[in-house]
Every structure is written in structure tokens, then in C-alpha cells.
Number of protein chains: 4
Amino acid sequence: MPRRYDPERRQRIIDAAIRVVGEKGIAGLSHRTVAAEAGVPLGSTTYHFATLDELMVAALRQANEGFAKAVAARAAFQDPTLDLADELAGLLGEWLGGGRGETGVPPAEGWGSVGAELEYELYLAALRRPALRPVAAEWCQDLAAALAERTDPVTARALVALMDGICLQALLTGGEYDAAYAREMLARLIP
Amino acid sequence: MPRRYDPERRQRIIDAAIRVVGEKGIAGLSHRTVAAEAGVPLGSTTYHFATLDELMVAALRQANEGFAKAVAARAAFQDPTLDLADELAGLLGEWLGGGRGETGVPPAEGWGSVGAELEYELYLAALRRPALRPVAAEWCQDLAAALAERTDPVTARALVALMDGICLQALLTGGEYDAAYAREMLARLIP
Amino acid sequence: MPRRYDPERRQRIIDAAIRVVGEKGIAGLSHRTVAAEAGVPLGSTTYHFATLDELMVAALRQANEGFAKAVAARAAFQDPTLDLADELAGLLGEWLGGGRGETGVPPAEGWGSVGAELEYELYLAALRRPALRPVAAEWCQDLAAALAERTDPVTARALVALMDGICLQALLTGGEYDAAYAREMLARLIP
Amino acid sequence: MPRRYDPERRQRIIDAAIRVVGEKGIAGLSHRTVAAEAGVPLGSTTYHFATLDELMVAALRQANEGFAKAVAARAAFQDPTLDLADELAGLLGEWLGGGRGETGVPPAEGWGSVGAELEYELYLAALRRPALRPVAAEWCQDLAAALAERTDPVTARALVALMDGICLQALLTGGEYDAAYAREMLARLIP
DNA sequence: AATGAATGAGCATTCATTCAT
DNA sequence: TATGAATGAATGCTCATTCAT
């Protein structure tokens, strides 16, 4: 096999890692699965990312950035005439819609096929892997910072927490997301 | 070596599994680690729990029960003169205090040395392991049911969601738990 | 492939490990090479010896025992009329004769195809692997104890040291062992 | 990054290799570990030393030279009024003192921070690596030549052998170095 | 002259699970 | 009923070496 010069390879490995996490979860992420998904030799993944932690951080940080951009681009965060709770409830719906593959619903545009599950994979992994904690923290903070443009920072933090909790329960109980309920409770938090 | 009849063995295996998850996370749970922790032969763990999923469900259901009992026993849920938000914020503090261990503070009595991290491992692992979903769902429902004695069921559900979100963020960002903030936001949810 | 019940397997793995060390040195000892040599699956070697250190200790200790028996059986150690230095010089010759394969000389009877090189492999490995130190120490002590039946313990120790040094130099400089030189120098040590 | 002309680089790589062997043993010597220790790119090590054997030979020959110089500089080898056995026993003590490191005693001046362990790694590795044999042989011969200035060549060779054996046993058994014992036995060898 | 990238082979180890006893 | 033995697959990771630039 020819030794190809492939300057994009590092990026392709990251992209493959994101797809693998999306499909099989972080538990399914291994040098081998990523190499197969990216179509590169095994050694290539360990060359570019000496440890799995490194690869996970790179992949999840990139996913974070895509997510943050998509969120920030939503009109609601610029337009004060829109109802914030309403917008957030809608955001959650979109987010959850992009989630578990078995819904048959294609992921919403702009999420880069990254739904709510990826976030929770990140949370789960960060619980035991200190290397991922900063990435998890960024995830929260980026979203809170975006929300803080429409409310105070402390409330923004709580909104993120409630959104997290609602999401988690929706994912765990099978996905029946109740937008009206979410809207109502988010609204209560906003002073 | 005599093969003793050991009716406690099944229980000892479950207890060992809880300790293992608490110390090393779900990723560290294997027939081998549990057998070593319980001091029983490897074959014994596969005999009593044919698959790891079975063992995880048993272990985590038991952890749930211990938690539920401890929660239900709190006076606040029977005594309407106590401030609910205050009590819940206190509950979170206790729970998180039993957590990551580096605080040096021994876990609160009654948690069965099971802290918040263990429960979130459960929650989050359930995302990818259907076998755990019902156990995770029970967790939410039991707590919500307890809270519903002091408020309406829908609010109770949201309180659980917010508590989940606050907990998760505290665990992941390594930040201090801010009881006053939790109290304030929980109070906003209560109509 | 049928799962055979093979109660001798552990021993066969040890024997294979000794052959591997003899042929390729300790650097060539791996779970894989041993499994191939023993004709057992890879997993079998790790089942019986969880770590390579364990396997190395078992293999080298067994080699030690074979060596010690062979040495102790030599008449010289019981018969005070024989010249000790002479006997030891002869022992070294035999020992070195069993050594490096390229001599074409078949290993002396009784060494179990274990020559001087194996001893030095052991020394080399023990230098960096604490787990092997006790085995290396036993090697020295067993020989010294045998010699101590014909002289005092301190002299015995020095005889072993000189034998070691002579051996080492013979192996390193290509094997021209000079028995007369060895005899003379060993004799000088005996008071 | 500018590609500086760096005439010292080859030397820096050799120095790094010596440090690596000293710290992790020959088994820990790889192009990668050396590159990291020397602070040079991986490709640089393979450029200057096409194979690991080349690097090992260069590194260990340099270690030899440092040792030989230090030994030759000792007064004892020129001053016939000093007791040779006594001096050699002292030399061994110094050498071993620079060794395993857990003594807390800093290596004696003049050894180039190369202790006895490094040299024995060389000796013993040469058993299986023909490329190292000449270097190991030089070691013996240089020391024997220095000793031959105070005694006959054959005795000198035996003194080196005994010193080797004593050293080896001290390193392997972890026992204390007994200078009086060494002195006595070395003295017995001197006619 | 110098080096970052690449890669296939190999490593020790862990594992869930099966099965003979 | 229990369990020690067995095993194939997989894991993260290191490596010497080659090669295009």
C-alpha cells in the first residue's frame, strides 16, 4: 500500500471520531473503530493522537464549537421581542429531535448530526475522565454565555441546568418531549 | 476447597458491584473486578448474574432503593411548615457532599456510601444501555412522587429536572455547590 | 475448536517459556511467543499467568531448580578428596558448553538445555525488574550453599562471584574458555 | 521552524541515550524516548543513527570512555606503594554508590553520572546483541590493561572477572556492598 | 541535510462468555 | 449447585523503519 501524503488526515480522524461517538457512544470509541470509520490505518490514529483522551478532547471540543455556533446563530438571542422561554423550549425540541436514531427524524439542520445524546456522552465521560472536564465545562459555559445576553448570568446558568435536566429525563424515559411543559418551567425561572 | 452453601453470596456480589462502580465507574465494572472485590470466584459472578447487564441492573436498583428510603425519610416531605426549596437545596448539598471523595468529608449517613456520582453514572449509562432505562426512570419517578406530596406533579417533575441539572453541572465543572443559588432557583419553580 | 480440558497446560506453558528464553532471550519472551511455542491459545497464557512477570518468575525459578539439582548432584561436593578448584573449572566448561547455540556442541546432560546464557538473561532482567530479583538471588545463594559444603560461606560467595565473572567474559569475548586459567584463579581464592 | 545547522545534535542525542538507558534500561531505549529526552525531532534520531544498534553502540562506547578515563586517573595505578586490592575495593564502592539511586548519595565525580547499572546493562545486553560485543569486550580489556600495570596480565584479567562478579551480585541481590569482603578476596587473587 | 508523516507489526492486558467437571 | 479453566476478540499503546517533502 502506498504511503500517501494526506495533510487532511488529522481532521478526517476527528470527524470520524465524532461520527463514531454519535453512533456508538463514547464507549464505542477506540483507535480501531475510528481508524475503520476514517479509512486510515490504525497507526495513523495513534500517530496523530497519542492517547484516546487526546482524540476525545479534540473531537468533543470540535463538536462543542459546532453546537455553540448553531445556538448563537438563533435569532432569539438577538431579538429581544421573542419570548425566551418559548425559544428555548423550541431549541430543546430541535435538539432532541436530532437525537436517538430510532426516531427516523433526520437531524435538524446545523447540528452537524450532533444531538443531545452527544452532550450526555460527554457528561458521562467527563464524570470519570478529568481530561474531559474542561470540555464539559465549556459546553455549559458557552450556552450560558449565549443565554446571558437575554437575562442575567445566574438565571442563565439555571436555565442551562433545567434544560439539561429536562433533556436527560426525556432521553431516559423514551423521548416524549413535552414542549409546553418545558416552556412553562423555563418561564418560571426567568425573573 | 469446600463448596459452602452461601446464601449471602448473591447479595455480597451486588454490594461489591456498587463499590466497584463507585470507585472506578461503570467502565470499571466487570465480572472480574466484582469477583475480586467480593472475594468470590469469577465463576460465581457469572453464575448468579449471567450477563453484566443483569448485574448492573441489580446493583443499581439496590442503590436506588437506598436513596429513595433516605429521601423519603426526610422530614420536609411530611412537614408542610418547612420551606421546600430550602430542604431540596440542603438535600443536594448532602448528596454532593458524599460524592467525589476528595473533600475528605465522609458521606452522609443513610446514603449507603453511594454518592451523586454513582447515580449519574446510572443515568448517563442508561442513554446507551436499554436495560438500564427502566431503573433510571424509576429513579426520577420515585423522587418526583415524593416531591408531589408537597406540590403538584408537574412542578415536582421540573424540580427533579432542575436538581438533576444543578447536580450534573456541579459534578462536571468541579465547581463548588452553591446552596443559595440552588435554593433561589428551586423556589422560582414552585408556583 | 474444542475447548480441551488440559490439566498439564500450565506446566507446558512454563516449559515453553524456558525454551523461548533459551532461544531468543528474555527480550523475546512475550505472551505471544510463548503461546506459539506451547501450542496453546494466547488467552491461555494470560489466564495462567496474569502478567509476564509472573510467567518469567515461574519459568526462571524452575530453571533454577533444575540447575541447582544438577550442580548438587556432582560428586565433587560430596567427595572431599577431589580438588574443588578443578571441579569448579570443569563445571564452568560444561556450563559454557551448553551455551550459545553456534558452537554445535550439544548441551551437557542434566542441564535441561539451560546453559550459562540463561543465567545471564536472568541477571539482566533482574537488573530492572524487581520481581525477578529474588529469583536471581536464589540462583546465587543456591550455588553458594552447595559450595559452602567444601569451604567456608564467605569464600563460597567469592567463588560464585569469580565464576560469574569468568563466565561473563567468556560469553562476551566469544567463548574461548580457558579452563586452566579458571582453575588457577579459583584455587587462589580458596584459603 | 528554522532548520538550524546544529553540529552538536549528534552529541546531544548520544547524551540523551545514555540518560535514557540509565533511567529506564536498555529496554526503554527507543528512537522516540531518545528524541524526547534530547528535545529533537524523531526524524533527527533516525537520521543520525539509522538503527537503534548504531545508537546503542555510540552511546555505550562513550560511556566506556568516560569510565576508562576516570579509572586510569586513579593514583593507585601509578603508585606502587598503595595496596592494589584496597584501591580496587574502593573503586567498586564508588562505582556502586553511583548506582541504583535509592541511596540518595550523588554519583561520584567523574563518572559522568553513569553508574554500575548502566555498564551491566551493556555487558548483559551484549549476550544477545552481537553489535555490542566489541564494545563490551573493550570494556574488559581496557580495565584489565590498566590493572596490568600493577600485576601480571592474567591476574589482571581475573581481578576484572571477580570485580564483575561482586558487582553483579551486589546489584542483583540488593545487598549492601561489603568493601572488606571485596578487599580480602581481591587480595587473595594477587600472587 | 533534515524531518513530519506514515504504517504494519507487535506488545501486555482485560474481557464476556462458555463449558467440563 | 457451583466453579476453574478456557478462549477469541478486543483494547490502548509503542515501535523501528520508511519516505515524501
Side-chain angles (χ1 to χ4, degrees), chain A residues 1-10 27-35 40-55, chain B residues 1-7 9-10 27-36 40-55, chain C residues 1-10 27-35 40-55, chain D residues 1-7 9-10 27-36 40-55:
Chain A
M1 192 190 301
R3 200 96 55 97
R4 296 195 301 104
Y5 174 62
D6 181 356
E8 313 271 322
R9 178 158 293 188
R10 193 187 149 90
L29 188 75
S30 75
H31 284 124
R32 281 162 179 77
T33 52
V34 170
V40 301
L42 171 59
S44 195
T45 61
T46 58
Y47 171 73
H48 288 285
F49 302 93
T51 68
L52 256 200
D53 267 9
E54 262 180 53
L55 176 54
Chain B
M1 187 191 307
R3 286 192 201 166
R4 296 194 300 104
Y5 174 61
D6 182 356
R9 177 157 290 189
R10 194 188 146 89
L29 187 75
S30 75
H31 284 122
R32 280 162 181 74
T33 51
V34 170
V40 302
L42 170 60
S44 194
T45 62
T46 56
Y47 175 72
H48 288 286
F49 302 92
T51 71
L52 260 197
D53 268 7
E54 261 180 55
L55 175 55
Chain C
M1 189 189 301
R3 201 93 56 94
R4 297 196 298 105
Y5 174 62
D6 180 357
E8 313 271 322
R9 178 158 295 188
R10 195 187 148 89
L29 188 74
S30 76
H31 283 123
R32 281 162 180 74
T33 52
V34 170
V40 301
L42 171 60
S44 194
T45 62
T46 59
Y47 171 73
H48 288 285
F49 302 92
T51 69
L52 257 199
D53 267 10
E54 262 180 53
L55 176 54
Chain D
M1 187 192 305
R3 286 194 201 163
R4 297 195 300 104
Y5 174 62
D6 182 356
R9 176 156 294 187
R10 195 188 145 88
L29 187 75
S30 74
H31 285 121
R32 279 162 182 74
T33 52
V34 170
V40 302
L42 170 60
S44 193
T45 61
T46 57
Y47 176 72
H48 288 286
F49 302 92
T51 70
L52 261 195
D53 268 7
E54 262 180 54
L55 175 55

Novice: Please report the distance, rounded to the nearest Å, between CG in C/L55 and C1' in E/dC11.
Specialist: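 It works out to 14 Å between those atoms.
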
Novice: State the pairing partner of E/dT17; accept Watson-Crick or G-U wobble contacts with both distances under 3.5 Å, and report none otherwise.
Specialist: F/dA6

Novice: Hunt down the Watson-Crick or G-U wobble partner of E/dA1, both distances under 3.5 Å, from any strand shown, or write none.
Specialist: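 Base-paired to nothing in any strand shown.
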
Novice: For B/T45 versus B/L42, what's the shortest heavy-atom pair and its separation?
Specialist: OG1-O, 2.7 Å

Novice: Indicate the atoms forming the closest heavy-atom contact of B/T33 with B/G28, along with that distance.
Specialist: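 Heavy-atom minimum between the residues: OG1-O, 3.0 Å.
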
Novice: Measure the CG-NE2 distance between A/L52 and A/H31 for me, rounded to the nearest 0.5 Å.
Specialist: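 The distance works out to 4.5 Å.
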
Novice: Under 4.0 Å between a side-chain N or O of B/S44 and OP1 or OP2 of F/dA2?
Specialist: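 Answer is no, no contact under 4.0 Å.
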
Novice: Looking at A/H48, I'd like to know whether one of its side-chain N or O atoms comes within less than 4.0 Å of OP1 or OP2 on E/dA6.
Specialist: yes

Novice: To the nearest 0.5 Å, tell me how far A/R10 CZ sits from A/S44 OG.
Specialist: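 Taking CZ in A/R10 and OG in A/S44, the distance rounds to 11.0 Å.
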
Novice: Tabulate atom names and distances for all N/O pairs under 3.5 angstrom spanning the protein and nucleotides 13-15 of chain F.
Specialist:
unit_1: F/dC13; atom_1: OP2; unit_2: A/L52; atom_2: N; d: 2.8

Novice: Would you name the heavy atoms of B/E54 and B/H48 that are closest together and state the gap between them?
Specialist: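 Where B/E54 meets B/H48 most closely, the heavy atoms are OE1-O, 4.1 Å.
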
